[in-house]
Peer 1: 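Submitted below is the structure of interest, expressed as structure tokens.
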Amino acid sequence: MLEQVIAAMETQLSNGPTCNNTAHGSTAINNCSSPVDSGHTEDSKTNLIVNYLPQNMTQEELKSLFGSIGEIESCKLVRDKITGQSLGYGFVNYVDPKDAEKAINTLNGLRLQTKTIKVSYARPSSASIRDANLYVSGLPKTMTQKELEQLFSQYGRIITSRILVDQVTGVSRGVGFIRFDKRIEAEEAIKGLNGQKPPGATEPITVKFANNPSQKNNQAILSQLYHSPNRRYPAPLAQQAQRFRTKSACSLRECIKFQKLCFGHPSFRLDNLLNMAYGVKSRFPPMTIDGMTSLAGINIPGHAGTGWCIFVYNLAPDADESILWQMFGPFGAVTNVKVIRDFNTNKCKGFGFVTMTNYDEAAMAIASLNGYRLGDRVLQVSFKTNKTHKA
DNA sequence: TCGTATT
């Protein structure tokens with residue numbers, strides 16, 4: 001029950017104007033695209049940690065996503081022991097190290113709803129790496145993430161860094177986080193930097209251990225949801241459009257939200273925005289269409305109990321599951337994707353299926369992606385009908 | 001002016 005409430009709140013919050021760690025495109029990428037390179041031979045080459053997962057993503061969805069790469073030995077979504085809420089990260093252990101490497105290469109940076117997930121090798125579990133996260137305040141507003149890292153890197157290996165920014169203006173709020181590899185490194189950084197002035201700064205900074213995430217209470221979220229003005233005053237359309245042209249936009253959902261604002265304006269057609277901002281990287285070779293042409297017909301959406309099954313047609317022969325995750329993931333909870341392949345050639349037969357949990361998200365995905373140009377192909381996307389069943 | 005990274 002609580003989880004449903006939280007999920008509903010997340011849905012609401014996800015309609016906000018910005019995505020996590022995407023206020024600065026390049027900064028966010030840096031933060032998410034540098035898998036931890038252990039450099040120790042005893043480190044696992046099969047076990048991955050996955051960070052920045054959507055709040056409502058389940059362990060089953062995590063397994064489904066990463067299982068599309070290769071056989072999984074084990075998979076765990078970490079949840080709060082008391083509330084059961086997802087803590088937004090999990091572990092995936094593959095059978096084959098090559099699949100782990102492939103998962104990093106293909107899934108790191110994947111956008112799911114409002115999140116950009118990070119996929120990297122898990123460090124060996126140890127007490128020494130826990131509670132190594134620092135909260136830093138009083139930073140000069142001009143300080144960049146890189147400069148912040150330079151300041152702290154003298155005390156140890158930095159796992160993540162972040163500077164919080166104003167959601168509207170994008171300007172630094174003067175506070176940030178530094179996560180070290182070891183807690184002892186974080187302790188030394190506090191000793192060395194708390195109360196000190198960074199080079200060129202006029203005010204000293206405060207460095208302390210960050211709050212423990214488990215201390216968060218749901219009341220704070222509820223208060224945030226109901227009292228904060230979730231609506232930002234919309235910037236002029238051209239100004240917003242610039243965000244998409246400069247690739248700083250982060251998700252299909254953002255494109256869709258923006259497209260609603262621009263409805264009817266020919267320069268801001270959704271397919272154009274998607275191709276501009278989403279950058280689905282594929283130039284699939286042409287393919288002869290054989291069969292599957294009689295799709296027009298009964299159009300009764302198929303609800304299979306486990307979710308809403310969506311039919312995707314006109315995929316290229318080399319299409320794989322990851323492209324379906326990339327396209328549909330931003331719209332909401334995706335529980336499963338499947339590319340239908342020829343048994344002998346292992347090439348995609350031109351279609352696949354996507355299962356989504358929520359009707360409205362599935363409907364939005366269909367409305368947005370039907371007719372979407374993927375490479376040189378125009379996709380047909382609809383709810384799966386009985387017609388697609390073949391005995 | 002505190003987001004959610006070690007099972």
Side-chain angles (χ1 to χ4, degrees), chain A residues 6 9-10 13 16 18-23 27-28 31-32 34-36 38 40 43-44 46-57 59 62-63 66 72-93 104 108 113-141 145 148 157-169 171-183 185-186 203 205-218 220-221 224 228:
Chain A
I6 298 300
M9 293 193 301
E10 276 294 317
L13 291 170
T18 59
C19 301
N20 77 315
N21 66 26
T22 50
T27 299
N31 208 16
C32 292
S34 302
V36 176
S38 50
H40 294 28
D43 289 355
S44 169
T46 59
N47 195 26
L48 303 179
I49 184 165
V50 187
N51 295 108
Y52 310 109
L53 293 167
Q55 173 62 234
N56 59 3
M57 191 171 191
Q59 180 165 296
L62 182 67
K63 185 171 185 179
F66 283 80
I72 291 175
E73 192 277 328
S74 63
C75 171
K76 178 161 189 176
L77 177 69
V78 180
R79 293 181 178 277
D80 184 282
K81 286 183 175 62
I82 310 291
T83 68
Q85 285 180 265
S86 166
L87 293 184
Y89 67 95
F91 297 89
V92 176
N93 193 19
I104 290 175
N108 183 45
Q113 299 176 241
T114 65
K115 303 287 190 178
T116 300
I117 71 170
K118 182 178 180 183
V119 184
S120 53
Y121 288 111
R123 292 171 286 164
S125 184
S126 160
S128 65
I129 68 174
R130 295 184 56 187
D131 302 317
N133 197 25
L134 296 180
Y135 172 76
V136 188
S137 60
L139 295 168
K141 297 291 196 290
Q145 183 186 21
L148 180 67
R157 177 170 149 224
I158 295 171
I159 302 301
T160 57
S161 68
R162 172 169 298 177
I163 291 177
L164 303 185
V165 298
D166 183 286
Q167 292 231 311
V168 176
T169 67
V171 74
S172 168
R173 293 164 59 192
V175 299
F177 294 89
I178 292 280
R179 179 181 299 279
F180 280 100
D181 181 37
K182 306 290 188 195
R183 178 180 175 91
E185 296 169 340
E203 298 300 323
I205 61 173
T206 299
V207 184
K208 58 173 96 168
F209 281 107
N211 290 340
N212 197 315
S214 63
Q215 293 168 357
K216 178 190 71 174
N217 66 18
N218 298 321
I221 306 177
Q224 191 179 17
S228 76

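Hydrogens, waters and symmetry mates are skipped; everything else that's a heavy atom, side chains included, is used.
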Peer 1: Atom CD of Q167(A) to atom P of dC2(B): distance rounded to whole Å?
Peer 2: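 Atom CD in Q167(A) sits about 13 Å away from atom P in dC2(B).
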Peer 1: Is Y89(A) touching bases, backbone alone, or none of the nucleic acid, heavy atoms closer than 4.0 Å?
Peer 2: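 Answer is sugar-phosphate: Y89(A) comes under 4.0 Å of backbone atoms only.
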Peer 1: Checking contacts here: which listed nucleotide (dC2(B), dA5(B), dT7(B)) is nearest the side-chain heavy atoms of S120(A)?
Peer 2: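 Of the candidates, dA5(B) comes closest.
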Peer 1: Write down the distance between CZ (F177(A)) and P (dA5(B)), rounded to a whole number of angstrom.
Peer 2: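 Going from CZ in F177(A) over to P in dA5(B) covers 10 Å.
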Peer 1: Is atom NZ of K63(A) surrounded by more than 12 heavy atoms (other residues, nucleotides or ligands) closer than 6.0 Å?
Peer 2: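 Result for NZ/K63(A): open.
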Peer 1: Quick check for you: among dT6(B), dC2(B), dT7(B), whose closest atom lies nearest to any side-chain atom of K76(A)?
Peer 2: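 The closest nucleotide is dT7(B).
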Peer 1: Roughly, in whole Å, what's the span from CG in L62(A) to P in dT6(B)?
Peer 2: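 Computing the L62(A):CG to dT6(B):P distance gives 16 Å.
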Peer 1: Would you indicate, yes or no, if dT7(B) has its OP1 or OP2 atom less than 4.0 angstrom from a side-chain nitrogen or oxygen of R79(A)?
Peer 2: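 No, because none of the side-chain N or O atoms of R79(A) sits under 4.0 Å from OP1 or OP2 of dT7(B).
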Peer 1: Would you mind reading off the distance between L77(A) atom CG and dA5(B) atom P, rounded to a whole angstrom?
Peer 2: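 Checked: the CG to P distance equals 12 Å.
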Peer 1: How long is the line joining CG of N47(A) and C1' of dT6(B), in whole Å?
Peer 2: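 Taking CG of N47(A) and C1' of dT6(B), I get 9 Å after rounding.
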Peer 1: Once you apply a heavy-atom cut-off of 4.0 Å, does K81(A) come out as touching a base, just sugar-phosphate, or nothing?
Peer 2: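 Counting heavy atoms under 4.0 Å across all strands, no contact is made by K81(A).
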Peer 1: Looking only at side-chain atoms of F91(A), point me to the closest of dA5(B), dT6(B), dC2(B).
Peer 2: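 Of the options given, the side chain of F91(A) lies nearest dT6(B).
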Peer 1: Identify which nucleotide among dA5(B), dC2(B), dT7(B) has an atom closest to any side-chain atom of I159(A), counting heavy atoms from C-beta outward.
Peer 2: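 For I159(A), the side-chain atoms sit closest to dA5(B).
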Peer 1: For dC2(B), does OP1 or OP2 lie under 4.0 Å from any side-chain N or O of N211(A)?
Peer 2: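 So the side chain of N211(A) is outside the cut-off, no N or O lying under 4.0 Å from OP1 or OP2 of dC2(B).
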Peer 1: For the side chain of Y135(A), starting at C-beta, report the closest nucleotide among dC2(B), dT6(B), dA5(B).
Peer 2: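 Nucleotide nearest to Y135(A)'s side chain: dC2(B).
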Peer 1: Compare side-chain N and O positions of S125(A) against OP1 and OP2 of dT7(B) and report whether any pair is under 4.0 Å apart.
Peer 2: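 The answer is yes; a side-chain N or O of S125(A) sits under 4.0 Å from OP1 or OP2.
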Peer 1: Let's see if you can work this out: which of dA5(B), dT1(B), dT7(B) has an atom nearest to the side-chain heavy atoms of K141(A)?
Peer 2: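 Comparing dA5(B), dT1(B), dT7(B) against the side chain of K141(A), the answer is dT1(B).
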Peer 1: Can you measure E73(A) atom CD to dT7(B) atom P for me and round it to whole angstrom units?
Peer 2: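 Interatomic distance, CD of E73(A) to P of dT7(B): 17 Å.
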Peer 1: Do the side chain of R130(A) and the base of dT6(B) come within less than 3.5 angstrom through a donor-acceptor pair of N or O atoms?
Peer 2: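 Between dT6(B) and R130(A), which were checked side chain against base, a qualifying N/O pair under 3.5 Å is absent.
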Peer 1: Roughly how far, to the nearest 0.5 Å, is the CG atom of D131(A) from the CD1 atom of I129(A)?
Peer 2: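 Between I129(A) CD1 and D131(A) CG, I get 10.5 Å after rounding to 0.5 Å.
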Peer 1: Would you check, one step at a time, whether the test ring-ring contact (aromatic ring centres under 6.0 Å, His included) holds for F177(A) with Y135(A)?
Peer 2: CA-CA 5 Å; F177(A) 294 89; Y135(A) 172 76; 5.6 Å; yes
Peer 1: Check side chain to side chain donor-acceptor pair (under 3.5 Å) between N47(A) and all other residues, then give those that pass, not counting sequence neighbours.
Peer 2: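 Expected list: none.
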Peer 1: R179(A): which residues meet the salt bridge (Lys or Arg N to Asp or Glu O under 4.0 Å) condition with it, sequence neighbours left out?
Peer 2: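 Here no residue qualifies.
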Peer 1: When the distance from CG of D166(A) to C1' of dC2(B) is rounded to whole Å, what number comes out?
Peer 2: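 After rounding, the reported distance stands at 16 Å.
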Peer 1: Can you tell me the distance, in whole Å, between the CG atom of D131(A) and the P atom of dT6(B)?
Peer 2: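 After rounding, the gap between these two atoms is 8 Å.
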